[in-house]
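Okay, so here's the structure we're looking at.
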Amino acid sequence: MPELPEVETVRRSLETQCVGSVVLDAQLNCPGLRWPFQDDFLQRLEGCRISKLDRRGKYLLVHLEGGDALIVHLGMSGTITIFDDGPGQLRPHDHVVITMEDGRLLIYNDPRRFGSMEIVSAGDLESHRVIGRLGPEPVAADFDAFVLATALQGRRCSIKSALLNQHVVAGVGNIYACEALHRARISPRVLAGSLATSSGKPTPRCRRLAPAIKSILLSAIAAGGSTLKDFAAPDGAVGAYPSSFRVYGRDGLRCRRSGCSGVIRIFTQQGRSTFACPRCQRS
DNA sequence: CCGCGGGCCTGAGAGC
DNA sequence: TGCTCTCAGGCCCGCG
């Protein structure tokens, strides 16, 4: 579910509501998410004050005073919700329940359990087996056609697959890959390496794609992300970005590019649905 | 190293 | 109504 804009929406909400708060205790209601919880997970969490909220790609980084960081991934169906008062009745799949010193509850719910939580030393984040290998951050100020070209160089998969590869660009998922390729007028099927460089410079397509990725993601963040079914910010707000979709979920509908009379088509690439306009995304 | 296909889970919706 | 089937925003793993 959550791609970069949704995780950033969660990060901003938690930053406002939780920085400075202290974890009183935590409760685990299943053996693990994608992997079993660490043996010392609760001990390292309880009693810690939350000092900072960062994000890297689709990973939320919750910094704790004392030097640890909690790495959270929401998988396909994970949500974090803050409840102001009382325990009440837990819902199905409320796998991690954190009680703050002020009485608020921070609950991680994840029906499919594709998410993950891990506590590491903050100093080890850069060398972390996953975090340390992520590609460039597409909403960073220095992300441009040169950075993208370097990441795509030599890739022999389709550009759609390359964008979904977190080692190439961090944070792009199926929705925003489709949307960015449409905005840049690039066919999802073209060879990724073919739009890297030409005589040492980023190709014209690469020079369209890099800003397209960035502006799509920034617009989606500004809209609070995309709620398809179950995504919501910790305060319950849903994401408004789906009303801006130009291709995702629009199979059989008219292309929304002005002047284009194409019809959006759906097809499968590496087991994932791709939506594209065959008329304005021809090469 | 790279790319691909299967698997991991539950729930919603379509079709019968 | 209820059953079965397919599909979903992601990523890890083993294989070639």
Side-chain angles (χ1 to χ4, degrees), chain A residues 1-10 29-36 55-60 71-80 91-96 108-118 128-135 138 150-181 188-194 196 213 216-217 220-221 223-233 238-245 247-252 266-275:
Chain A
M1 143 237 301
E3 306 183 30
L4 187 154
E6 291 74 41
V7 178
E8 176 63 17
T9 298
V10 172
N29 297 319
C30 63
L33 300 169
R34 174 177 288 281
W35 301 289
R55 179 192 54 73
R56 190 71 176 83
K58 300 174 193 172
Y59 292 85
L60 192 63
I71 304 172
V72 181
H73 195 287
L74 302 176
M76 288 281 265
S77 57
T79 56
I80 293 173
R91 304 156 299 176
H93 315 298
D94 278 344
H95 301 309
V96 182
Y108 178 81
N109 184 288
D110 186 359
R112 295 176 73 180
R113 273 178 280 129
F114 286 175
S116 62
M117 283 196 199
E118 182 186 5
H128 186 266
R129 69 191 186 289
V130 175
I131 304 296
R133 292 174 196 170
L134 291 173
T150 301
L152 296 176
Q153 198 73 50
R155 294 267 161 195
R156 302 204 50 80
C157 59
S158 69
I159 185 61
K160 165 78 184 314
S161 292
L163 293 182
L164 292 185
N165 182 343
Q166 302 300 295
H167 301 107
V168 174
V169 180
V172 177
N174 206 35
I175 292 178
Y176 300 110
C178 293
E179 294 295 323
L181 288 167
R189 303 186 215 252
V190 298
L191 197 65
S194 75
I213 293 168
I216 294 271
L217 295 175
I221 291 169
S226 293
T227 296
L228 293 187
K229 193 164 68 74
D230 48 16
F231 171 73
V238 296
Y241 195 72
S243 64
S244 298
F245 287 169
V247 287
Y248 189 82
R250 300 192 65 249
D251 181 34
I266 182 175
F267 53 96
T268 299
Q269 292 182 286
Q270 277 75 237
R272 311 293 303 277
S273 293
T274 298
F275 297 86

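Convention: sequence-line order gives letters A, B, ...; per-chain numbering from 1. The figures that follow rest on heavy atoms only: side chains count, while hydrogens, waters and symmetry mates do not.
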Between [N] and [X], is there an OP1 or OP2 to side-chain N/O distance shorter than 4.0 Å?
{"X": "K58(A)", "N": "dC11(C)", "answer": "yes"}
{"X": "H73(A)", "N": "dG10(C)", "answer": "no"}
{"X": "Q166(A)", "N": "dC11(C)", "answer": "yes"}
{"X": "R272(A)", "N": "dG9(C)", "answer": "yes"}

Sugar-phosphate only, base, or nothing, as touched by S273(A) at under 4.0 Å among non-hydrogen atoms: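 Contact class for S273(A): sugar-phosphate only.
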Sugar-phosphate only, base, or nothing, as touched by Y248(A) at under 4.0 Å among non-hydrogen atoms: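 Sugar-phosphate, no base atom in range.
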Short N-O contact, R129(A) and E118(A), less than 4.0 angstrom: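 Judged by the 4.0 Å cut-off on N to carboxylate O distance, R129(A) and E118(A) do form a salt bridge.
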Pair R91(A) + D94(A): basic N to acidic O under 4.0 Å: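 A salt bridge links R91(A) with D94(A).
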Of the listed nucleotides dC2(B), dT10(B), dC4(B), the one nearest the side chain of S161(A):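 Of the options given, the side chain of S161(A) lies nearest dC4(B).
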Side chain of H93(A) (C-beta onward), nearest among dT10(B), dG3(B), dC11(C):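 So the side chain of H93(A) is nearest to dT10(B).
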Donor-acceptor contact below 3.5 Å, side chain T268(A) vs main chain R272(A):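 No; judged by distance alone, with no hydrogens or angles, the pair does not exist.
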Sidechain-backbone polar pair: E8(A) side chain, R55(A) backbone, donor-acceptor under 3.5 Å: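 Checking the backbone N and O of R55(A) against the side chain of E8(A), no donor-acceptor pair under 3.5 Å is found.
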Non-hydrogen side-chain atoms of L74(A) and E6(A) separated by less than 4.5 Å: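 No; the side chains remain at least 4.5 Å from each other.
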Base-pairing string, 5' to 3', of DNA chain C - Watson-Crick or wobble, under 3.5 Å, | interstrand: .|||||||.|||||||
Nearest-angstrom distance from the residue atom CG of L74(A) to C1' of dG10(C):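 In whole Å, dG10(C) C1' lies 11 Å from L74(A) CG.
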Atom pairs under 3.5 Å, N or O on each side, protein against nucleotides 5-9 of chain B: can you list them with distances?
from	atom 1	to	atom 2	distance (Å)
dC9(B)	O3'	R113(A)	NH2	3.3
dC9(B)	O2	R112(A)	NE	2.7
dC9(B)	N3	R112(A)	NH2	3.3

Show me the side-chain donor-acceptor pairs of residues 151-158 of chain A shorter than 3.5 Å, one per line, residues at least two apart or across chains.
from	atom 1	to	atom 2	distance (Å)
Q153(A)	OE1	T197(A)	OG1	3.1
S158(A)	OG	S161(A)	N	3.1
S158(A)	OG	S161(A)	OG	3.2

